[in-house]
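A short worksheet on the structure shown next.
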Amino acid sequence: MGYNVAIDGPAGAGKSTIAKLVAKEKGYIYVDTGAMYRALAIHFLKKGIAPENTEDVIDACRDADVSIRYEDGAQQVYLNGENVTGILRTEEAGNMASKTSGIPEVREKLLELQRTLAKENDVIMDGRDIGTNILPGADVKIYLTASVETRAKRRYDELKEKGEDCDLEQIAQDIKERDERDMNRETAPLKKAEDAILVDSSHMSIPEVVSEICSHCR
Ligand code: DC
């Protein structure tokens with residue numbers, strides 16, 4: 001059984017940035033479960049399926065194979081044998097992932113992959129339901145959040161740096177809608193596990209958050 005750190009929280013809270021740094025410092029593998037939902041989202045987008053069309057989404061899950069490999073310590077996500085890592089982090093894929101991840105069959109599809117990775121490795125795994133649902137017995141649970149304004153600004157800076165055209169107001173609006181969906185869906189909604197440590201990073205630097213989380217880990 002691996003040593004397991006679960007890190008959950010809303011979109012743009014900095015989970016992946018922080019989890020990658022904690023993984024490096026502690027020698028864990030970083031598992032980005034959002035990337036798995038995004039890979040399935042790419043599959044649905046490629047097939048031209050509307051997220052509201054639940055039956056078609058469920059059907060499309062049957063011919064989607066998502067797998068993970070680690071290359072130089074970095075997670076690479078494969079969809080039906082193709083490395084899709086480079087095209088996962090668009091707003092389109094994120095919104096599609098948010099809309100389809102409420103469907104139980106979509107979650108079921110990724111559950112074993114996530115649990116197996118945690119069983120076989122020391123991991124820090126980020127997502128929405130890791131502490132509550134995927135790894136309820138995790139050694140450490142963190143709920144990482146920040147205000148909508150802070151999260152929107154971070155996402156904006158990230159997209160700008162990649163040279164993408166974007167609008168701060170629109171991003172804030174998307175984040176609010178994403179929170180609403182992620183927190184209010186019936187299956188595995190985003191919420192703080194009772195035994196999770198709450199970290200609000202709105203006014204914290206990256207090294208401060210990393211150090212706070214590392215202080216709770218073995
Ligand atoms: O963390 P992210 O932005 O890459 O995640 C994209 C979407 O995937 C998010 O809006 C909700 C969904 N997701 C989920 O339902 N459960 C997870 N464990 C991770 C992500």
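Values in this document were obtained by computation on a predicted structure and should not be read as measured data. Order of listing sets the numbers, starting from 1, for every ligand and every atom in it.
For ligand 1, the polar-atom distance check against Asp182 finds a nitrogen or oxygen pair separated by under 3.5 Å. Below 3.5 Å of separation, one finds no N or O of Asp126 facing any N or O of ligand 1. At a 3.5 angstrom cut-off on N or O pairs, Arg185 counts as close to ligand 1.
Between Asp179 and Arg151, at least one side-chain nitrogen of the basic residue sits less than 4.0 Å from a carboxylate oxygen of the acidic one, meeting the salt-bridge criterion. A salt bridge is defined here as a Lys NZ or Arg NE, NH1 or NH2 lying under 4.0 Å from an Asp or Glu carboxylate O, and Asp63 with Lys47 meets this definition.
Checking each of Thr33, Asn133, Asp8, Asp182 against Arg128 for a side chain to side chain donor-acceptor pair (under 3.5 Å) leaves exactly one that passes, namely Asp182.
Taking a cut-off of under 4.0 Å to the non-hydrogen atoms of Ser101, the atoms of ligand 1 that pass are 11 (C), 12 (C), 15 (O). Atoms of ligand 1 found under 4.0 Å from any heavy atom of Arg38, numbered from 1 in the order shown, are 2 (P), 3 (O), 4 (O), 6 (C). Close approach to Ser98 involves these atoms of ligand 1, each under 4.0 Å from a residue heavy atom: 7 (C), 10 (O). In the vicinity of Asp129, heavy-atom distances shorter than 4.0 Å reach the ligand 1 atoms 18 (N). Atom numbering of ligand 1 starts at 1 in the shown order; those under 4.0 Å from a heavy atom of Gly34 are 4 (O), 5 (O), 19 (C), 20 (C).
Of the possible donor and acceptor atoms, one in the side chain of Lys15 sits under 3.5 Å from a partner among the backbone N and O of Gly9. One N or O on the side chain of His43 and one on the backbone of Ala60 form a donor-acceptor pair closer than 3.5 Å. No donor-acceptor pair closer than 3.5 Å links the side chain of Asn4 to the backbone N or O of Asp139. Of the possible donor and acceptor atoms, none in the side chain of Tyr70 sits under 3.5 Å from a partner among the backbone N and O of Ile29. Between the side chain of Tyr30 and the backbone N or O of Asp126 there is no donor-acceptor pair closer than 3.5 Å.
Nearest to atom 1 (O) of ligand 1 by heavy-atom distance, out of Arg128, Lys15, Arg107, is Arg128.
The protein heavy atom nearest to atom 19 (C) of ligand 1 is Thr33 OG1, 3.4 Å. Regarding atom 8 (O) of ligand 1, its nearest protein heavy-atom neighbour is Tyr37 CB, 3.7 Å. Residue, atom and distance of the protein heavy atom nearest to atom 7 (C) of ligand 1 are Ala97 CB, 3.7 Å.
In this structure, a donor-acceptor pair under 3.5 Å is absent between the side chains of Ser101 and Arg181.
At a heavy-atom cutoff of 4.0 Å, ligand 1 is contacted by no atom of Met36, backbone or side chain. Using a 4.0 Å cut-off between heavy atoms, Ala11 makes no contact with ligand 1 at all.
Ligand 1 lies within reach of Arg89, whose nearest heavy atom is under 4.0 Å from it.
The shortest distance between side-chain heavy atoms of Glu158 and Arg89 falls below 4.5 Å.
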